[in-house]
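Whatever order the structure lists ligands and atoms in, that order sets their numbers, starting from 1. Just the heavy atoms: all of them, side chains too, but no hydrogens, waters or symmetry mates, feed the values below.
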Amino acid sequence: MRRNLLKAVVSLILVIILCTTCVVPFTAAQGDVAVQPIDFNNPDFIRGMDISSVIALEQSGVVFRDENGNQDDIFKILADNGVNTIRVRVWYDPYSSDGRGYGGGNNEINTAVQIGKRAAKYGMKLLVDFHYSDFWADPGKQKAPKLWNGMSVGDKCDALYEYTLGCLRTLRNEGANIGMVQIGNETTLGIAGENSWQNMATLYNAGSRAVRDFSSDVKVVIHYTNPENSYIKTLADFLHNYNVDYDVFATSYYPCWHGSLSNLTEVLNYAAKKYGKYAMVAETSYPYTLSDSDGHPNTISEWNNNAGENMLWDFTPQGQADEVRAVMNAVNDVEDGKGLGMFYWEGAWITVGDVTGLSGDAYTKQLAHNKLLWERDGSGWAASACAEYDPDDAGKWYGGSAVDNQAFFLPDGTALPSLHVFKDVLGDGSYRLGDADGSGEIDITDATCIQRSCAMMQTRIDERILNHGDIDGDGLSVMDATMIQRHLLGATLPYPVGVWRQEEK
Ligand code: CA
């Protein structure tokens, strides 16, 4: 009796513990997010994200969690939520003469290798974004790497070619699955210190040649900004007139500054229809809140929000998801299926130490700690060491993340409900490539199901679902089972095993 009573009490306690953990899940207190599906013209439409700062953030102790608060590899969290491609910036030599990192993730090729490898593990391809600079390249600055100082354009072309090809080979040898390469970043007014059209075209073509020599399957991207300005069409004409060899015409699209969505589609259509190019958005982002959480001012904030007053979407997770959905839709509207996809910029650049709600000494202390980490690990947008290379901008205003309120993660690393927009846009009937048993995960059962099916054995699985195991797209065969096994063993495959897809029409 007493033993039974004890057992009953223990069981009751267990039930209470279980109920508490089940019934009281982690609440992000952000509510759920609803997403209207998009009828994609391309089943592999790119739903990409740039998370270039992530290695530095992890060095500063940042961890990421899924929506339920469970800590996990951010690359897995992104893949589970429908992201299918990762973008990474590459700087030539972001280090000062005394070996200190410039910050912004200290993204030289070795950082890109780490990111590319982890992306490939979850079936995600890589867009390699070469800045051809030692630090940030954008419409305001296109400074050549220190080592290229004083080079003629011809010598720069040779250096750019060798560097590009070398980096791509390193990335592939280390296991990254390269899908696209950007020849320069936001090169609206120049590239690698050159700003005449002739010199720019020569440099683009040197990079393009390196990509072509590397692989015929990799797309060459040229990236501009400011689609609201008709000059961007002139740039499309320039690329044609100067015989630049490229595949994808890309632009940044930040809705607070870059005009309407219908204009965006029209600009992309111009390059697609007139010159037969693919078109995409290489960068976009949107705040889920106007609050800062790291003590470094944000580009869009309560005190700097003039441009955002007339936004179509709220500054909430729902508004953030709506923006992503709207930009994808605008790209998908490009005619003849030429709209290739979109990348969200730095969707995980969260705080290295939360200052939310702190004031006085507590705030000062946390901010001092954050500054220490930004300097030590390069986890802020710029560190003081960059003053040597960029004295007038980053060297003056260095600090933390200016986009922590545009991430898909709360300050503690927990995924926001807006993150699943990347999967929800696919609608019902979406599936993971390789998921032959329809479980939602890729595991050895998928390989077994395919083998049984190919051996004409009973699988009790609907043929439509079984066909999701057709990795290489040439009909279900034992090869597909082998590829799933290899994927599970960590091999990098040319197919995006495990990424979410829309059922083909
Ligand atoms: Ca901030």
K146 to Y95 - nearest heavy-atom pair and separation: NZ-O, 3.2 Å
Option from R89, K219, M280 for which side chain to side chain contact (heavy atoms under 4.5 Å, CB included) with L127 holds: M280
Looking only at side chains, do E194 and N199 share a donor and an acceptor under 3.5 Å apart? yes
Taking the Ca ion (ligand 1) as the center, what protein N, O or S atoms are found at less than 3.0 Å? D292 OD1, D294 OD1, H296 O, N298 OD1, S401 O, D404 OD1
Using the ring of W148 (Phe, Tyr or Trp, six-membered ring only), decide whether K156 places NZ or CZ under 6.0 Å from its centre and within 45 degrees of its axis. no
Could you tell me whether D44 and R501 make a salt bridge, using a distance below 4.0 angstrom between a side-chain N and a carboxylate O? yes
Which label fits F64 and F409: parallel for a plane angle under 30°, tilted from 30 to 60°, or perpendicular past 60°? perpendicular
